[in-house]
Peer 1: 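I'd like to ask you about the structure that follows.
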Amino acid sequence: MTSTFRPTSDFLSTLIERGFLHQCSDMAGVDALAKAGKLVSYIGFDCTAPSLHVGSLVQIMMMRWMQATGAGKPIALMGGGTTRVGDPSGKDESRKMLTIEQIDANKDGIGRIFSKFLTFGTGPTDALMTDNAEWLTKLNYIDFLRDVGRHFSVNRMMAMDSVKMRLERDQELSFIEFNYMCLQAYDYVELNRSYGCNLQMGGSDQWGNIVTGMDLGRRMGTPQLYALTSPLLTTSSGAKMGKTAAGAVWLEADMLPVYDYWQYWRNSEDADVGRFLRLFTDLPMSEIAKLEALAGSEINEAKKILANEATALVHGRAGAEQAAETARKTFEEGVLADTLPTITLPAAELDAGVGVLAAFVRVGLVASTGEARRQIKSGGLRVNDATLSDERATLTAANLQEGVVKLSLGKKKHVLLKPE
RNA sequence: GGGGGAAUGUCCCGAGCGGCAAAGGGGGAGGACUGUAAAUCCUCUGGCUAAGCCUUCGUAGGUUCGAGUCCUACUUCCCCCA
């Protein structure tokens, strides 16, 4: 669908050449608005977690490009209202309902992320943040049915891919989930009325919901609304972006150390480097083309740049440089880097002696002493770079080197244990 | 309303004649090989104060020396008939 259309706006051409575009309801329409700087676009974010992780980065970068290319105003919509209903797509049992306090706390955490990527303010391309709790919690059920609900065609909803699939597979589709679509559609109309919002963006799984919102707008008399989605990202080997065994790749230093964030990108697969540079950095296309062309082990240089740039966006240039330096010392020089993630423990405890099993559990490299034992058996644990073979060994002050004990799992994961 | 199925290792899928910490995958972790990559090969993948002990097969009881397995009730889901 993108092959025949030639965008004239910086915004759309950037999105296309960088791989952000999956589907768009009307390329020419969006292109014209972008060129005139008259787009007002929103993306919704659930408030189910205390922060965002790499999985949301594509959406955030789309807003960033919107701002950078002068296409218009991006709106970050916090799903403070919809989250109270609970996201029903998690098919399993008791999805815990979050309390209002939790949702508010999550909202604050998520909101903080955006200030790193976007400039907020009142100017025409300044970003705006709002929360759908502001209007959704005030809705009256009967009024909503009369004014909004009558515009929804169950027939059409049944035909939507997301619904059809569930029905065909005999999977549960709750009433709430049906309503979720309606609320999201209503958000779009509401944002149009309040802010003149005319474009909703999101991941490709949101296409149905977004189009439902466009349709609702048409029936309720808004100007023409548009939809644009980004592809759902997986790594080349098919894994979901943003998840590792240790958990999600959070965009918050408290939840994932800057060094670990840097490492996440550094460990990208060869085949992903170009794609990731385009999506997750601001580097110009010409430079990315050069980096992507590096062959063999030289592509490691491109991975470092990817890690530097991606980390700088979230954690600042200084944080990225420090992470790079830590990695350089650790991997290239084989020297102890005191900037590795560090866990402290009371000096008295170390003087008394800490079992190695407990120590590895304590720093979080393994989940249990059982796992620690297994890792020792397969030679996976090291203390100060020496492979650990005796599970009954203890750590004492004698193990300190430069004031810390370096504990490692495998070749890549290192934590420093520091008495205080 | 009637009849018939199903729920398994707290990541997922999935076998399981009354002796079961429970087959096999996927995913994940470690090791080997490399370039902090991929592919490939090997090992591991309930917890603990560890030759032992404890907790796991939808929930609650029961039969039994012994229950994931048999019985009863309940919950949830699916299919067929109405």
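The figures that follow rest on heavy atoms only: side chains count, while hydrogens, waters and symmetry mates do not. The chains referred to below are lettered A, B, ... by the order of the sequence lines, with proteins before strands, and numbering in each begins at 1.
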Peer 1: If you apply the rule side-chain contact (heavy atoms from CB on, under 4.5 Å), what do you find for F152(A) with M181(A), and how did you get there?
Peer 2: CA-CA 10 Å; F152(A) 288 102; M181(A) 285 192 266; 5.9 Å; no
Peer 1: Using distance only, find each side-chain donor-acceptor pair of residues 347-366 of chain A under 3.5 Å and give its atom names and separation, not counting sequence neighbours.
Peer 2:
unit_1  : atom_1 : unit_2  : atom_2 : d
E349(A) : OE1    : R362(A) : NH2    : 3.4
E349(A) : OE2    : R362(A) : NH1    : 2.7

Peer 1: For a quick test of your reading: what N or O donor-acceptor pairs under 3.5 Å do the side chains of residues 412-420 of chain A make, sequence neighbours left out?
Peer 2:
unit_1  : atom_1 : unit_2  : atom_2 : d
K412(A) : NZ     : N267(A) : OD1    : 3.1
H414(A) : ND1    : S408(A) : OG     : 2.9
H414(A) : NE2    : K411(A) : O      : 3.2

Peer 1: Tell me the interatomic distance from E269(A), atom CD, to A37(B), atom C1', rounded to whole angstroms.
Peer 2: 7 Å
Peer 1: Using atom P in both nucleotides, what's the gap between C41(B) and G25(B) to the nearest angstrom?
Peer 2: 13 Å
Peer 1: Sticking with atom P, work out how far G26(B) lies from C42(B), rounded to a whole angstrom.
Peer 2: 12 Å
Peer 1: Below 4.0 angstrom, N of the basic side chain to O of the carboxylate: do D215(A) and R219(A) qualify?
Peer 2: yes
Peer 1: Please tabulate the protein-to-nucleotide N/O contacts below 3.5 Å involving nucleotides 40-43 of chain B, giving atom names and distances.
Peer 2:
none

Peer 1: Could you give the CZ-to-C1' distance, from R382(A) to U36(B), as a whole number of Å?
Peer 2: 12 Å
Peer 1: Assess the pair F45(A) and F114(A): is the distance between their ring centroids shorter than 6.0 Å?
Peer 2: yes
Peer 1: Under a 90° cut-off about 0 for the syn range, is C74(B) syn or anti?
Peer 2: anti
Peer 1: Using the P atom on both, measure G28(B) against C74(B) and round to a whole Å.
Peer 2: 43 Å
Peer 1: Heavy atoms under 4.0 Å, any strand shown: does Q263(A) hit a base, just sugar-phosphate, or nothing?
Peer 2: base
Peer 1: In whole Å, measure the gap between the P atoms of A21(B) and U75(B) for me.
Peer 2: 32 Å
Peer 1: Taking the same atom, C1', in A22(B) and in A67(B), what whole-Å distance lies between them?
Peer 2: 13 Å
Peer 1: Respond yes when some side-chain nitrogen or oxygen of K411(A) is under 4.0 Å from OP1 or OP2 of G35(B), and no when none is.
Peer 2: no
Peer 1: Could you tell me how far U64(B) sits from C71(B) if I compare only their P atoms? Round to whole Å.
Peer 2: 16 Å
Peer 1: Measuring only between side-chain heavy atoms, which start at C-beta, is T130(A) closer than 4.5 Å to M78(A)?
Peer 2: no
Peer 1: What integer distance in Å separates H414(A):NE2 from G30(B):P?
Peer 2: 11 Å
Peer 1: Tell me, do L12(A) and L228(A) make a side-chain contact under 4.5 Å, heavy atoms counted?
Peer 2: yes
Peer 1: Checking all strands, does R266(A) fall into the base, sugar-phosphate, or nothing category for heavy-atom contacts under 4.0 angstrom?
Peer 2: base
Peer 1: Pairing check on C41(B): which nucleotide meets the Watson-Crick or G-U wobble criteria with it, both distances under 3.5 Å?
Peer 2: G31(B)
Peer 1: Tell me the interatomic distance from N267(A), atom CG, to A29(B), atom P, rounded to whole angstroms.
Peer 2: 11 Å
Peer 1: When the P atoms of C79(B) and C11(B) are compared, how many Å lie between them, rounded to an integer?
Peer 2: 29 Å
Peer 1: Give every residue pair that meets the salt bridge (charged side-chain N to carboxylate O under 4.0 Å, His left out) criterion with at least one member in residues 369-379 of chain A, sequence neighbours excluded.
Peer 2: R373(A)-E391(A)
Peer 1: Using a strict cut-off of less than 4.0 Å between a Lys/Arg side-chain nitrogen and an Asp/Glu carboxylate oxygen, indicate whether K290(A) and E287(A) qualify as a salt bridge.
Peer 2: no
Peer 1: Each nucleotide N or O in nucleotides 52-54 of chain B that has a protein N or O under 3.5 Å away: list the pair and distance.
Peer 2:
none

Peer 1: Counting only Watson-Crick or G-U wobble pairs whose two distances fall under 3.5 Å, which nucleotide matches U64(B)?
Peer 2: none
Peer 1: Mind calculating the distance between CG (L291(A)) and C1' (A37(B)) to the nearest angstrom?
Peer 2: 16 Å
Peer 1: Specify the residues of residues 359-367 of chain A, ordered by number, for which at least one heavy atom lies under 4.0 angstrom from an atom of RNA chain B.
Peer 2: none
Peer 1: If the P atom of G47(B) is compared with that of A32(B), how far apart are they to the nearest Å?
Peer 2: 24 Å
Peer 1: For A127(A), what residues pass the side-chain contact (heavy atoms from CB on, under 4.5 Å) criterion, not counting sequence neighbours?
Peer 2: Q67(A), P74(A), L118(A), F120(A)
Peer 1: Taking RNA chain B as the partner, which of residues 296-333 of chain A come within under 4.0 angstrom of it by heavy atom?
Peer 2: G296(A), S297(A), I299(A), N300(A), K303(A), A327(A), F331(A)
Peer 1: Please determine, by modelled atom types, if T119(A) and D126(A) share a side-chain donor-acceptor pair under 3.5 angstrom.
Peer 2: no
Peer 1: Rounded to whole angstroms, how far apart are CD on Q375(A) and C1' on U45(B)?
Peer 2: 10 Å
Peer 1: Just how far, in rounded Å, is P of A29(B) from NZ of K412(A)?
Peer 2: 9 Å
Peer 1: Run the ring-ring contact (aromatic ring centres under 6.0 Å, His included) test against F276(A) and tell me which residues pass, sequence neighbours left out.
Peer 2: W265(A), F280(A)
Peer 1: Output all residues satisfying side chain to side chain donor-acceptor pair (under 3.5 Å) with Q375(A), sequence neighbours left out; order by chain, then residue number.
Peer 2: none
Peer 1: Out of G30(B), C48(B), G31(B), which nucleotide sits closest to the side chain of L409(A)?
Peer 2: G30(B)
Peer 1: When you check the side-chain N and O atoms of Q184(A) and Q206(A), is any donor under 3.5 Å from an acceptor?
Peer 2: yes
Peer 1: Which base sits across from G58(B) as a Watson-Crick or G-U pair, both distances under 3.5 Å?
Peer 2: C74(B)
Peer 1: Using heavy atoms to find the nearest nucleotide of RNA chain B for R374(A) and S268(A) separately, return the residue whose nucleotide is more 5′.
Peer 2: S268(A)
Peer 1: Checking all strands, does W262(A) fall into the base, sugar-phosphate, or nothing category for heavy-atom contacts under 4.0 angstrom?
Peer 2: base
Peer 1: Would you indicate whether R156(A), at its atom CZ, is surrounded by more than 12 heavy atoms from other residues, nucleotides or ligands within a distance under 6.0 Å?
Peer 2: no
Peer 1: Which residue pairs pass the side-chain hydrogen bond (donor to acceptor under 3.5 Å, both in side chains) test with at least one member in residues 305-319 of chain A, sequence neighbours excluded?
Peer 2: W262(A)-N308(A), E309(A)-R317(A)
Peer 1: Y264(A) has an atom OH; how far is it from atom P of A37(B), in whole Å?
Peer 2: 15 Å
Peer 1: Show me the protein contacts with nucleotides 49-51 of chain B, counting only N or O atoms at under 3.5 Å.
Peer 2:
unit_1 : atom_1 : unit_2  : atom_2 : d
A50(B) : N7     : R373(A) : NH2    : 3.2
A50(B) : N6     : R373(A) : NE     : 2.7
A50(B) : N6     : R373(A) : NH2    : 3.3
A50(B) : N1     : R373(A) : NE     : 3.2

Peer 1: Can D272(A) and R275(A) be counted as an ion pair, charged N to O under 4.0 angstrom?
Peer 2: yes
Peer 1: In plain terms, say whether D31(A) and R6(A) are close enough for a salt bridge, that is, a side-chain N and a carboxylate O under 4.0 Å apart.
Peer 2: no
Peer 1: Any salt bridge linking E17(A) with R278(A)? Criterion: basic side-chain nitrogen under 4.0 Å from a carboxylate oxygen.
Peer 2: no
